[in-house]
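Only this structure's heavy atoms are used, side chains among them; waters, hydrogens and symmetry mates stay out.
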There are 2 protein chains.
Amino acid sequence: MTVEPGRRERKKAATRQKIAGTALRLFLERGYDAVGIREVAAEADVAVTTLFAHFASKEALVFEQDAEFEQRLVRAATGRAPDEPLVPALRHEIRALVRHCTAESAAPVWQLIDTTPALRQYEESMRLRHAESLAAAIAADPGQGRTTTACRTIARFAIDAFALAREAADPEAAVDEVFRMIEAAWEVSGPSRPA
Amino acid sequence: MTVEPGRRERKKAATRQKIAGTALRLFLERGYDAVGIREVAAEADVAVTTLFAHFASKEALVFEQDAEFEQRLVRAATGRAPDEPLVPALRHEIRALVRHCTAESAAPVWQLIDTTPALRQYEESMRLRHAESLAAAIAADPGQGRTTTACRTIARFAIDAFALAREAADPEAAVDEVFRMIEAAWEVSGPSRPA
DNA sequence: ACCGTAGCACTAACGGTTAGCCTTTCGGAA
DNA sequence: TTCCGAAAGGCTAACCGTTAGTGCTACGGT
């Protein structure tokens, strides 16, 4: 599957990177709204249609790590030791993601996102997508006897934790705070007191 | 303040209603994407610019009750008896809102929303706005000793409850289920054991 | 060596949204 | 009562993201 980085794939990835890199640079230099798609395409030396072949929308240019982010969440739920409880595993991953996003180097990008309504909105719906994937991953785990609603609820709570922590004064502490609440919620949603 | 329903205000409200009504009718008849803004404006007999003076976007045409919805939530948190606990009050209001939205008469509209990506996304960000308002209302309540993060968390949970319940097979039961989790979360976020 | 397909380009257009500018009409102060 | 400022509405023209439609090129597997 992933064993064939043929020239084609490499070129495609290179084009994608070039577009995303150029776009991000321009956006950071002059502001998201002040830079048009046609301009990004020209600067990256590709056609507008090519740009949209790689990214579904202008906003998606900024969230290049979208898929990776989602995978990490899902793996945190599915790929854990059989006896490792779910919630702490989620907390650990969310913690890592928050740390990653609040790092010094990521500051300019997030500042751009936070100050651009279109990007904020896009990120919101992105999170919802991630929450749904996570919910599916949680529900897929056999022998955790929760309802679909409970799984979706916990998934949303976890994503909310990320969003809230990112905006909190002390992100790490905020993750712990929200996860204490999540832990409690998860407890009471437990497999209806197995007889 | 509200004591002057002058002719001006009435005309404005009438125009607004006429636009929203016309839009909704056309959308339901022929589908959201198949009806253009210019067409809605023409059918409502107003200029396109007038339409956008009343509604910030095409999507907003469908969510006319947006503000009312938000007010109900906020009032559920702020306008309750001094000794009435927060979470049950929220549950009651969310229950009512879910019942309202899953009513027979509202079915076509929600079916339209659920099958139109643009509307789904708009509703998501609308909910986030509502959650923020609710969080502010909760935090404003004196003597409930929670952190800002805890208030925002609970607010999001409540909004999530609405969203999840609306999509569940048994909405009312789903509200109760999620609110059992919320109640537990609210407990552990309690005012650090008041001395 | 060959063919199918995927990547990419170009042009044109569509549809939501806004800016600029003008007219009408109401509400309240003089 | 009169008059002015402001708000509502209108028209035109454009901007910008996004999407066909079409065709060319080059890579990858047979």
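At whole-Å resolution of the value, CG in B:D45 and P in D:dA8 are 18 Å apart. Nucleotide C:dT17 holds its C1' atom 9 Å from the CD1 atom of B:I37, rounded to whole Å. One can place CZ of A:F55 at 13 Å from P of C:dG7, the figure rounded to the nearest angstrom. The distance between atom CD of A:E9 and atom P of C:dT5, rounded to the nearest whole Å, is 16 Å. As rounded to whole Å, 5 Å separates atom C1' of C:dT17 from atom CZ of B:F52. Distance B:L51 CG to D:dC11 P: 13 Å, rounded to the nearest Å. Straight-line distance from the CZ atom of B:R10 to the P atom of D:dA8: 15 Å, rounded to whole Å. In this structure, CG of A:L61 is placed 10 Å from P of D:dG17, rounded to the nearest angstrom.
No side-chain heavy atom of A:E59 sits less than 4.5 Å from a side-chain heavy atom of A:E123.
Among the heavy atoms of the strands, none lies under 4.0 Å from B:V40.
Contact check on B:R80 versus B:E93 returns no salt bridge, with no Lys/Arg side-chain nitrogen under 4.0 Å from an Asp/Glu carboxylate oxygen. Ion pairing of B:E124 with B:R120 is absent here, as no side-chain N (NZ or NE/NH1/NH2) approaches a carboxylate O to less than 4.0 Å. Between B:D176 and B:R95 there is a salt bridge, since at least one side-chain N of the basic residue sits less than 4.0 Å from a carboxylate O of the acidic one.
At the phosphate of C:dC8, OP1 or OP2 sits under 4.0 Å from a side-chain N or O atom of A:H54. The phosphate of D:dG10 has OP1 or OP2 within less than 4.0 Å of a side-chain N or O from B:T50.
For C:dG27, its base never sits under 3.5 Å from the side chain of B:R7 at any donor and acceptor pair. Contact of B:R38 with C:dG15 (side chain to base): no donor-acceptor pair of N or O atoms is detected under 3.5 Å.
Comparing D:dT18, D:dA20, C:dT17 by their closest approach to the side chain of B:E59 singles out C:dT17. Nearest nucleotide to the B:K12 side chain, out of D:dG10, D:dA8, C:dA9: D:dA8.
Mapping A:T49 and B:V48 onto DNA chain C by nearest heavy atom places A:T49 at the nucleotide closer to the 5' end. Both B:T15 and A:K11 lie near DNA chain D, and the one whose nearest nucleotide falls closer to the 5' end is B:T15.
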Apply the test salt bridge (charged side-chain N to carboxylate O under 4.0 Å, His left out) to residues B:R146 and B:D141: give CA-CA distance (whole Å), side-chain angles for both, the deciding distance (0.1 Å), then the verdict.
-> CA-CA 10 Å; B:R146 258 81 171 188; B:D141 184 357; over 6 Å; no
